[in-house]
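So that the names make sense, note that chain A is the first sequence line, chain B the second, and so on, each numbered from 1.
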There are 2 protein chains.
Amino acid sequence: MLTSSQRQLLRVISECGPLSRTEMAQLLGFSKAAMSGLARDLIDLGVLHETETVYGPGRPSVRLDLSPECAFFIGVSLLEEPAPMVLSDLTGKIIARRSMPLSRDPAVIADAVAQALPELLANHPDAADRLSGIGIALSGFVDETQARCVQSTLLNWQDVPLARIVSDRCGVETFIENDAKAVAVSEKLFGTARDISNFSVVTLGDGIGCAHFIDGKLYRGNHGGAGEIAHCTIEPGGSPCRCGKRGCLDTIASMKAVGEMARAEGLTCTSLSELEAQASVGNAAAIRILHRAASALGLAIANLIQMNDPGLILITHVEGSFDGLFGTVLKQAVETNVLPRYAGQTPIRFKRVDSDIWARGAASIAAHQFLIGPHSS
Amino acid sequence: MLTSSQRQLLRVISECGPLSRTEMAQLLGFSKAAMSGLARDLIDLGVLHETETVYGPGRPSVRLDLSPECAFFIGVSLLEEPAPMVLSDLTGKIIARRSMPLSRDPAVIADAVAQALPELLANHPDAADRLSGIGIALSGFVDETQARCVQSTLLNWQDVPLARIVSDRCGVETFIENDAKAVAVSEKLFGTARDISNFSVVTLGDGIGCAHFIDGKLYRGNHGGAGEIAHCTIEPGGSPCRCGKRGCLDTIASMKAVGEMARAEGLTCTSLSELEAQASVGNAAAIRILHRAASALGLAIANLIQMNDPGLILITHVEGSFDGLFGTVLKQAVETNVLPRYAGQTPIRFKRVDSDIWARGAASIAAHQFLIGPHSS
DNA sequence: TTGATTTGTTCATTTAGTGAACTTAGTGTC
DNA sequence: GACACTAAGTTCACTAAATGAACAAATCAA
């Protein structure tokens, strides 16, 4: 078990990349003496190692970095059938992939994970040796200890202590998290948002997910529901949503909704890139659909910016690109709906991700627990 | 200067009310031994004092509470002319009121504060003796040290180090804050939200303000702009707003906008309560205006709930009441625009406030600095 | 080679906490 | 009213984690 000072040190390296002892001492407000001891202990533990030497006037400084192979994590996504699994190291690099059958029965899930474990670890004795946690991403609400699923419509769960069930079965510490929140953590730990303390991730796919990091910490909300942007009302009195209300963002801008609208308009293509292609050759229906979806998403993001003033909006998408009509309209809609003074102040990044995104996110939950721990700031 | 452990102790008392040493030790995870020493020191300093004795089996426990008169604060609101000033104690009780001329010149403001100071303190030698800080509320953006005004349209300021200017002139530590954020802090410290770590305040008046507490801390956003709900787009393509965009909540639901709409409809009454009275006797225009404003505000609050899942929404209003049409429609609009599963899960409280609200909020900023300090959690 | 400069270590010291034993002040029972 | 019982709060010796000052190490510049 790491001390809170050790965790602070790991955190600042995770955020800033390799740093010398002196730099860290300044950043964290420790004395050089304290730093020296902390670093020695973490190096002895195998978590840190010395990297490049930086020359300047005076004695050169030696940067310390995380040792990628000091701990390994498994991530499981319960969002698809079959359920993707990944084995990752401490820096988020994926070492191996597998999949397992999906089930709604927690015990069956635990069995499937236990069965897939040796296969994932088969050719990686180091990983088998230093496997430090399992993370599971699911659609639904999770409690703040990342142990119990409070509610999941997709899995038809109500207060299921999945983490305990899996860890009992597999003998490995296990943590669970909501899908979008897991992606946000992986972006904070491994991705584009390492050094940013306030940001929001929007995951654009069949559904729309969103999660916020606030003051360097995942913000879960009072009932675990922070980031439910998909069911913000964008068109009051609009089309009914499966959630029971009307005009939700999800009914307009999710890739599923876009596909359905395309089908309803008699288009044969339903994917974003296909629609973009049609739009670029002047297909009015494709243009209309893309325009409507992008405007809606842009408005929702503009409202998010107005409400929370994040330092970054990161939009992940599995398919298509954002340099076509959809992306242009989206950016424009954001700009026209934020305070003119703010316009352009909040960077919006797009990131194309593959289908591993949820399992990677899940693994990052376990890695986050290992590095940063359960505690708050 | 208080230590971080002492601050934790003060914080938990501020949140929970009077507590015994043993209760605090359990809440904060300290040993009884540590608690004993901390409490003694704070009592010696005059910050805490013993209150009721609670009898049960075993030795009775003695509750400790903040000593209201151990420190006094001055709050100034730069939102009205003349600018209201209050003198408050550590529990937010207002001891004296004054006002001073408003100016856009920071030096003139500092002079006015310095001049009003002795008048405010005149009959309160204790307060003069233990004056511990000045807080200033203003319309605009403030940096996270609560020292500089980054930008204020109303005052036509850009990066003005007001706190330093006033503290240099008056010889008292000074902090500044945005108006709505100051109100949020006063509600956390003195008001209804003491024990709630995630909540949002919406101030409904001539303008609409909003601020968030997240994880027990004021969340200021990356550019200090968190909570700018007034310029969320509610009616895309709607009426132009003075901010430069269209359909902002401010153009529909602020009391100023409501008054203007009433005037445009040829109504002679413009206040919320007068319009309520008209609506209750069937005046169609009054009903239409109130309905539109309440729906808009309800939608904005619903979106806020969806995005941030706060544990409480506190709506402050200077005038009118919320048991008429406006309040009913507002609540209904919130309910129909949040996930049905959430409906009713987020308490919404209304609080009628007087015109002291901003100055009180300002004083609470200074009190917060005194009690909790500048540090994060 | 020498001096300047900055990194990183060592070590005695300080500080903020702990656990265990003790004191205190009440309740309940006979 | 005496006496066990209980829980609150204090005291004290001890420990863990920090600090500051002195020092060793590694390089550049002259």
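- When the side chain to side chain contact (heavy atoms under 4.5 Å, CB included) test is applied to A182(B), the partners found at least two apart in sequence or on another chain are A137(B), E177(B), I365(B).
- Scanning residues 47-58 of chain A for heavy-atom distances under 4.0 Å to DNA chain D yields Y55(A), G56(A), G58(A).
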Going by atom type alone, with no hydrogens or angles, which donor-acceptor pairs under 3.5 Å involve a side-chain atom of residues 124-135 of chain A and a protein atom two or more places apart or on another chain?
unit_1	atom_1	unit_2	atom_2	d
R130(A)	NE	E69(A)	O	2.8
R130(A)	NH2	E69(A)	O	3.0
S132(A)	OG	R130(A)	O	2.9

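- For dA7(D), the base has no donor-acceptor partner in the side chain of R59(B) [N/O atoms by modelled type, under 3.5 angstrom].
- By the side chain to side chain contact (heavy atoms under 4.5 Å, CB included) test, S200(A) is found to be paired with H212(A), L304(A), P310(A), I313(A), residues two or more places apart in sequence or in another chain being considered.
- Looking at residues two or more places apart in sequence or on another chain, you find a side chain to side chain contact (heavy atoms under 4.5 Å, CB included) between H223(B) and D309(A), Q345(A), T346(A).
- Residues passing the salt bridge (charged side-chain N to carboxylate O under 4.0 Å, His left out) test with K181(B): none are found, sequence neighbours excluded.
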Which atom pairs, one a donor and one an acceptor, fall under 3.5 Å between side chains of residues 23-44 of chain B and the rest of the protein, sequence neighbours left out?
unit_1	atom_1	unit_2	atom_2	d
E23(B)	OE1	S20(B)	N	2.7
E23(B)	OE1	S20(B)	OG	3.2
S31(B)	OG	A34(B)	N	3.1

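- Taken residue by residue, residues 13-29 of chain A places heavy atoms nearer than 4.0 Å to DNA chain C at S20(A), R21(A), T22(A).
- Applying the salt bridge (charged side-chain N to carboxylate O under 4.0 Å, His left out) rule to R194(A) yields no partners; only residues at least two apart in sequence or on another chain are considered.
- Proximity of residues 30-38 of chain A to DNA chain C (heavy atom under 4.0 angstrom from any strand atom) is restricted to K32(A), A33(A), S36(A).
- E52(A) is linked by a salt bridge (charged side-chain N to carboxylate O under 4.0 Å, His left out) to R63(A), counting only residues two or more places apart in sequence or in another chain.
- Judged by distance alone, with hydrogens and angles left aside, the side-chain atoms of S364(A) form a donor-acceptor pair with the main-chain N or O of S186(A) at under 3.5 Å.
- In this structure, S67(A) contributes its side chain and C70(A) its backbone to no donor-acceptor pair below 3.5 Å.
- At whole-Å resolution of the value, CG in D44(B) and C1' in dT10(D) are 14 Å apart.
- M1(A) has its CE atom 16 Å from the C1' atom of dA16(D), to the nearest Å.
- Distance, L9(B) CG to dG17(C) P: 11 Å, rounded to whole Å.
- The salt bridge (charged side-chain N to carboxylate O under 4.0 Å, His left out) search around R164(B) returns D168(B), not counting sequence neighbours.
- The nearest whole Å value for the distance from the CG atom in L64(B) to the P atom in dA8(D) is 13 Å.
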